[in-house]
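The first residue of the sequence shown is numbered 1, and numbering continues consecutively from there.
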Amino acid sequence: ISDGIFLLSALCHADNLSGKMFIFPQPTNTAQVMLTTSIQNFSAFTVCFRSFTDLRRVHSFFSLATPSVFNEIRILKEGNNVEVAGQGYKLNTWQSICTTWDSASGLVQLWLDGKPSSRKFISSGSNISGPIVIVLGQDQDSFGGGFDAAQSFVGMMSDVYMWDYVLSPCEIQRYMDERNFPTGNVLNWGALEFVTMGRVLIENKQSLYY
């Protein structure tokens, strides 16, 4: 399928990953985690996760594509500077990231370790309609594929959740603090349905460095 080693897990897991993390140990255009959900239409969303990396280059955390729009939802770090939404993005430490959008206002907002960005307009008036493909660790440049190793995530990722509505600032802060936040009704780290492809490992989260 590509140069080098390609490892495919044929098993679709539905696991409680509490206390666990995905490890993406090297740059590649094959390593990914594909997530499954029964919800295929969105008029709003919140996506939250925690990540740990030493990458300074562009890298993609989360990508949701439909057959007609490959970048319906794309959460990535751009540029050689270590900035996300104008805020300090730190290397070699666990960071919590949440992104929200709703079609009524068309406004998107990113939260980094509990600090919100300015809300900005991207698009309004239309929903995200499936079928959808959700991928961690790669940027989809085609529906379910088109990956580029130069945009791949290398590091660790944990506590991935998604909701089909915008969480309140208070609820986002509770996620950041890991205390009593709403369970994701689209993606739930405590009952995640996923397939790993390529070299992706699952290990206990290194809470010592959190």
**Linked, directly or transitively: I122 and L64 (ILVMFWY side chains, under 4.5 Å)** = yes
**Request:** Check the pair T30 / F147 against side-chain contact (heavy atoms from CB on, under 4.5 Å), numbers first and verdict last.
**Result:** CA-CA 7 Å; T30 56; F147 305 140; over 6 Å; no
**Request:** For T53 and G155, indicate whether the former's side chain and the latter's backbone hold a donor-acceptor pair under 3.5 Å.
**Result:** no
**Fill in**
d(L187 CG, F49 CZ) to nearest 0.5 Å is 12.0 Å
**Asked** Can you list the steps and then say if R57 with S152 is a side-chain contact (heavy atoms from CB on, under 4.5 Å)?
**Response** CA-CA 10 Å; R57 61 164 170 79; S152 65; 3.6 Å; yes
**Request:** With the side chain counted from C-beta on, respond yes when L17 and F194 share a heavy-atom pair under 4.5 Å apart, and no when they do not.
**Result:** yes
**Message:** Between D139 and D148, is there a side-chain heavy-atom distance shorter than 4.5 Å?
**Reply:** no
**Prompt:** Would you say the side-chain atoms of S142 pair up with the backbone N or O of G146, donor to acceptor, closer than 3.5 Å?
**Reply:** yes
**Prompt:** Atom OG in S63, atom CD in E72: separation rounded to 0.5 Å?
**Reply:** 10.0 Å
**Donor + acceptor pair across side chains of N185, D164 (<3.5 Å)** = yes
**Same apolar cluster (I L V M F W Y, side chains within < 4.5 Å links), F181/V47** = yes
**Request:** Measure from the ring center of F22 to the ring center of W189 and say whether it is less than 6.0 Å.
**Result:** yes
**Request:** Decide whether N127 and S129 meet the rule of one side-chain donor and one side-chain acceptor closer than 3.5 Å.
**Result:** no
**Nearest non-hydrogen partners of V135 and Q32, listed with the distance** = CG2-OE1, 3.6 Å
**Prompt:** Do side-chain atoms of Q140 reach the backbone of V133 as a donor and acceptor pair under 3.5 angstrom?
**Reply:** yes
**Request:** Take S158 and W94, measure what side-chain contact (heavy atoms from CB on, under 4.5 Å) needs, and give me the verdict at the end.
**Result:** CA-CA 9 Å; S158 186; W94 282 105; 4.0 Å; yes
**Asked** Looking only at heavy atoms, what is the nearest atom pair of I39 and I132, with distance?
**Response** O-CD1, 3.7 Å
**Request:** Please report the shortest heavy-atom distance between S18 and G190, naming the atom on each side.
**Result:** OG-CA, 4.3 Å
**Fill in**
Value for OG1 (T46) from CD (E171), rounded to nearest 0.5 Å, stands at 8.5 Å
**Prompt:** Hey, what do you get for CD1 (I172) to OG1 (T100), rounding to the nearest 0.5 Å?
**Reply:** 5.5 Å
**Prompt:** Which atoms form the tightest heavy-atom contact between P67 and P131, and what is the distance?
**Reply:** CD-O, 3.2 Å
**Message:** Any non-hydrogen side-chain atom of T66 less than 4.5 Å from a side-chain atom of I128?
**Reply:** yes
**Complete:** The residue among R50, M157, M156 that forms side-chain contact (heavy atoms from CB on, under 4.5 Å) with M21 is M156
**Item:** Cluster link I75 to V108, ILVMFWY, side chain under 4.5 Å
**Value:** yes
**Prompt:** Hey, does the side chain of W101 reach the backbone of S123 with a donor-acceptor pair shorter than 3.5 angstrom?
**Reply:** yes
**Prompt:** What is the minimum heavy-atom distance between S51 and I97, and which atoms define it?
**Reply:** OG-CD1, 4.2 Å
**Prompt:** When clusters are formed by joining ILVMFWY residues with side-chain heavy atoms under 4.5 Å apart, either directly or through shared neighbours, do W111 and Y165 land in the same one?
**Reply:** yes
**Item:** Separation between CD of E193 and CD1 of I134, rounded to the nearest 0.5 Å
**Value:** 11.0 Å
**Asked** Is there a donor-acceptor contact under 3.5 Å from the side chain of Q138 to the main chain of T28?
**Response** yes
**Message:** Parallel, tilted or perpendicular, judged at 30° and 60°: which one describes the rings of Y161 and W163?
**Reply:** parallel
**Request:** State yes or no: do V69 and L76 share one hydrophobic cluster built from I, L, V, M, F, W and Y residues joined by side-chain heavy-atom distances below 4.5 Å, directly or via other members?
**Result:** no
**Prompt:** So, do L136 and L35 sit near enough that their side-chain heavy atoms are less than 4.5 Å apart?
**Reply:** yes
**Asked** Within a strict 4.5 Å, meaning less than it, do heavy atoms of the M162 and F45 side chains meet?
**Response** yes
**Item:** Stepwise side-chain contact (heavy atoms from CB on, under 4.5 Å) test for V186 and Q40
**Value:** CA-CA 9 Å; V186 180; Q40 298 288 301; over 6 Å; no
**Message:** One thing to verify: whether K115 and D113 come together as a salt bridge, which I'm taking to mean a side-chain N less than 4.0 angstrom from a carboxylate O.
**Reply:** no
**Prompt:** Is it true that D159 and K205 have a side-chain N and a carboxylate O under 4.0 angstrom from each other?
**Reply:** yes
**Asked** Side chains of Q26 and R199: is there a donor and an acceptor less than 3.5 Å apart?
**Response** yes
**Prompt:** Do side-chain atoms of S117 reach the backbone of L110 as a donor and acceptor pair under 3.5 angstrom?
**Reply:** yes
**Request:** Decide yes or no for D102 and S105: does some side-chain heavy atom of the first lie under 4.5 Å from some side-chain heavy atom of the second?
**Result:** yes
**Prompt:** Would you say Q95's side chain and K90's backbone share a donor-acceptor pair under 3.5 angstrom?
**Reply:** yes
**Request:** Return the minimal non-hydrogen interatomic distance between A65 and F143, and the atom names on each side.
**Result:** O-CE1, 3.4 Å
**Request:** Please round to the nearest 0.5 Å and tell me the distance separating atom CG of L112 and atom CE of M176.
**Result:** 7.0 Å
**Request:** Mind telling me whether F61 and F153 have parallel, tilted or perpendicular rings, with 30° and 60° as the class edges?
**Result:** tilted
